[in-house]
There are 2 protein chains.
Amino acid sequence: MTSAEILQQHGIRPSLTRVMIYDYLREHRTHPTADEIYTALSPNAPTLSKTTVYNTMKLLSAEGVIKTITIEEQQARFDACIDTHGHFLCKDCGKVFDFDTELPSMKIPEGFSPTVTEIYCIGRCKSCN
Amino acid sequence: MTSAEILQQHGIRPSLTRVMIYDYLREHRTHPTADEIYTALSPNAPTLSKTTVYNTMKLLSAEGVIKTITIEEQQARFDACIDTHGHFLCKDCGKVFDFDTELPSMKIPEGFSPTVTEIYCIGRCKSCN
DNA sequence: TAATAACTTTGTAATCAATACAATTTATAA
DNA sequence: TTATAAATTGTATTGATTACAAAGTTATTA
């Protein structure tokens, strides 16, 4: 499915800018920061504003199109893959890796309604070990 | 076990300041921010510096005495309970709740060595529902 | 089509959690 | 005591994120 179609399905108007940003995130599974997205797209979109990147990430995240990842860092990272999977942050090189995992059996108390579930680990990656 | 003993077991010299801060975190299971800890302790420790709170949280977290929680917020929260449990962030009231959970069966790739595992949910809590 | 309204994008300025750093204080060892 | 190491403090700075208002774009209605 195209990025534009996915955005539309979530009630988000698929402007050129939004599609470009979402496309980038779908094609680069490196869990980039807002700044990295901005830097990567700037050469081909000279009028792009960093605020727009932030606005777009916030919108897509709120609508469940993408996931916002924050693992003991000041800067948020973003992931276009919203299927269940875990994230592994290497505290040496700072990279974030995906890993397969099941959802655990969580005893969420009565009356609590979760919309997002996240599982992550911190440690050392293969290269840094 | 006393806070001083726990700190010592982790090779951290149990200064008065550190014990006071760690004590507070053990007694207040509200997942406070550094600022909240500082504000709470200031009246009884007028010379306490916010930098010291940050330094202490960083040290205790690095040594595995406490857990640092960051769930799509700019400010980190801290938890003296390091047993396996999940965190639930209510996006309405902003409070963080504990919930029981098992660790899922995670397929961490060969060569990756995790030291910390976290599970959290975002949603709406009982009071806000 | 033209006018209007609604939405999107942009740039600048402001916010604020966290850190750097050097000075001061406190504790330990010789 | 004196010297050395460690801990604490305050100030200044950093840097990610947001606020906000202006400018630009798209959709809607007459």
Side-chain angles (χ1 to χ4, degrees), chain A residues 3-4 7-8 10-24 31-63 65-78 89 91 94 96, chain B residues 3-4 7-8 10-24 31-63 65-78 89 91 94 96:
Chain A
S3 294
L7 294 183
Q8 243 161 351
H10 286 82
I12 298 167
R13 218 195 300 173
S15 68
L16 281 179
T17 308
R18 286 171 180 166
V19 169
M20 172 183 66
I21 292 173
Y22 182 40
D23 265 344
Y24 178 85
H31 315 93
T33 64
D35 193 72
E36 285 167 353
I37 296 169
Y38 169 77
T39 301
L41 295 178
S42 271
N44 296 319
T47 72
L48 180 64
S49 162
K50 205 179 278 189
T51 299
T52 300
V53 177
Y54 277 107
N55 289 343
T56 303
M57 302 330 275
K58 183 161 244 186
L59 176 65
L60 299 198
S61 192
E63 297 301 328
V65 181
I66 66 172
K67 275 197 168 188
T68 300
I69 312 167
T70 48
I71 312 181
E72 299 196 8
E73 291 183 302
Q74 289 95 293
Q75 21 179 9
R77 298 181 166 276
F78 303 97
L89 169 67
K91 61 184 165 192
V96 174
Chain B
S3 294
L7 294 183
Q8 243 160 351
H10 285 82
I12 299 168
R13 219 192 305 170
S15 69
L16 280 180
T17 308
R18 286 170 179 166
V19 169
M20 171 184 66
I21 291 173
Y22 182 40
D23 265 343
Y24 178 85
H31 314 92
T33 64
D35 192 73
E36 285 167 353
I37 296 170
Y38 170 77
T39 301
L41 295 178
S42 271
N44 297 319
T47 71
L48 179 65
S49 162
K50 206 179 279 189
T51 299
T52 300
V53 178
Y54 278 108
N55 289 344
T56 304
M57 302 331 274
K58 183 162 244 185
L59 176 65
L60 299 197
S61 192
E63 298 301 328
V65 181
I66 64 172
K67 276 198 167 188
T68 300
I69 312 167
T70 48
I71 312 181
E72 299 196 7
E73 290 183 301
Q74 289 96 292
Q75 19 179 9
R77 299 180 165 276
F78 303 98
L89 168 68
K91 61 185 166 191
V96 174

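In this text, all values refer to a predicted model and were calculated from it rather than measured experimentally. Labels below follow one simple rule: chain letters A, B, ... track the order of the sequence lines, proteins then strands, and each chain is numbered from 1.
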Discussion item. What does the B/S/- profile of nucleotides 22-30 of chain C look like, 5' to 3', with a 4.0 Å heavy-atom cutoff to protein?
Written reply: -----SS--
Practice prompt. Give a yes/no on whether any side-chain N or O of B:S15 is located under 4.0 angstrom from OP1 or OP2 of D:dA7.
Written response: no
Worksheet, complete the sentence: Those residues at least two apart in sequence (or on a different chain) that pass salt bridge (Lys or Arg N to Asp or Glu O under 4.0 Å) with A:E73 are A:R77
Discussion item. Just N and O in the side chain of B:T47: are any of them under 4.0 Å from OP1 or OP2 of D:dT9?
Written reply: yes
Worksheet item: Mind checking whether A:L60 and A:L7 have side chains closer than 4.5 Å, heavy atoms only?
Response: yes
Worksheet item: For residues 12-24 of chain A, which residue pairs qualify under side-chain hydrogen bond (donor to acceptor under 3.5 Å, both in side chains), counting only residues two or more places apart or in two chains?
Response: A:S3-A:D23
Fill in: Whole-Å gap separating P (C:dA18) and OH (B:Y38)
15 Å
Practice prompt. To the nearest 0.5 angstrom, please state how far the CD1 atom of A:I69 sits from the CZ atom of A:F78.
Written response: 9.0 Å
Worksheet item: Could you state the CD-P distance from A:E73 to D:dT17, rounded to the nearest angstrom?
Response: 10 Å
Practice prompt. Identify the two heavy atoms, one from A:L89 and one from A:I71, that lie closest to each other, and give their separation to 0.1 Å.
Written response: CD2-O, 3.4 Å
Worksheet entry | Between C1' of C:dC7 and CG of A:L59, the distance in whole Å | 12 Å
Practice prompt. Using only side-chain N and O atoms of B:T17, determine if any of them is under 4.0 Å from OP1 or OP2 of D:dT8.
Written response: yes
Fill in: Rounded to 10 degrees, the angle between the two terminal axes of the helix from C:dT1-D:dA30 to C:dA30-D:dT1, each from five pairs
20°
Discussion item. Distance check needed: C:dT8 C1' versus A:I21 CD1, whole Å only.
Written reply: 11 Å
Fill in: Over all atoms of both residues, closest heavy-atom pair of A:H10 and A:E63
CD2-O, 3.2 Å
Discussion item. Is there a side-chain contact between B:K58 and the phosphate of C:dA18, meaning an N or O under 4.0 Å from OP1 or OP2?
Written reply: no
Practice prompt. Would you mind classifying the nucleic acid contact of A:T52 as base, sugar-phosphate or nothing, using non-hydrogen atoms under 4.0 angstrom?
Written response: base
Worksheet item: What is the nucleic acid contact for A:T33, judged by heavy atoms within less than 4.0 Å: base, sugar-phosphate only, or nothing?
Response: nothing
Worksheet item: For B:N55 and D:dG10, what is the distance between atoms CG and C1' respectively, to the nearest whole Å?
Response: 12 Å
Report all side-chain donor-acceptor pairs from residues 45-54 of chain B shorter than 3.5 Å, counting only partners two or more places apart or in another chain.
from, atom 1, to, atom 2, distance (Å)
B:S49, OG, B:T51, N, 3.1
B:K50, NZ, B:D35, OD1, 2.6

Distances under 3.5 Å between nitrogen or oxygen atoms of protein and nucleotides 13-17 of chain C:
from, atom 1, to, atom 2, distance (Å)
C:dA17, O3', B:Q74, O, 3.3

Worksheet item: Do you know which two heavy atoms are closest between B:I21 and B:M57, and how far apart they sit?
Response: CG2-SD, 3.8 Å
Worksheet item: Quick one: B:R18 CZ to D:dT9 P, roughly how many Å, whole number?
Response: 11 Å
Worksheet item: If you take all heavy atoms of A:H31 and A:V96, which pair is closest and at what distance?
Response: ND1-O, 3.1 Å
Item to complete: Mind calculating the distance between CG (B:L41) and C1' (D:dT8) to the nearest angstrom?
Response: 15 Å
Discussion item. From CD1 of B:I12 over to P of D:dT8, roughly how many Å is that when rounded to an integer?
Written reply: 11 Å
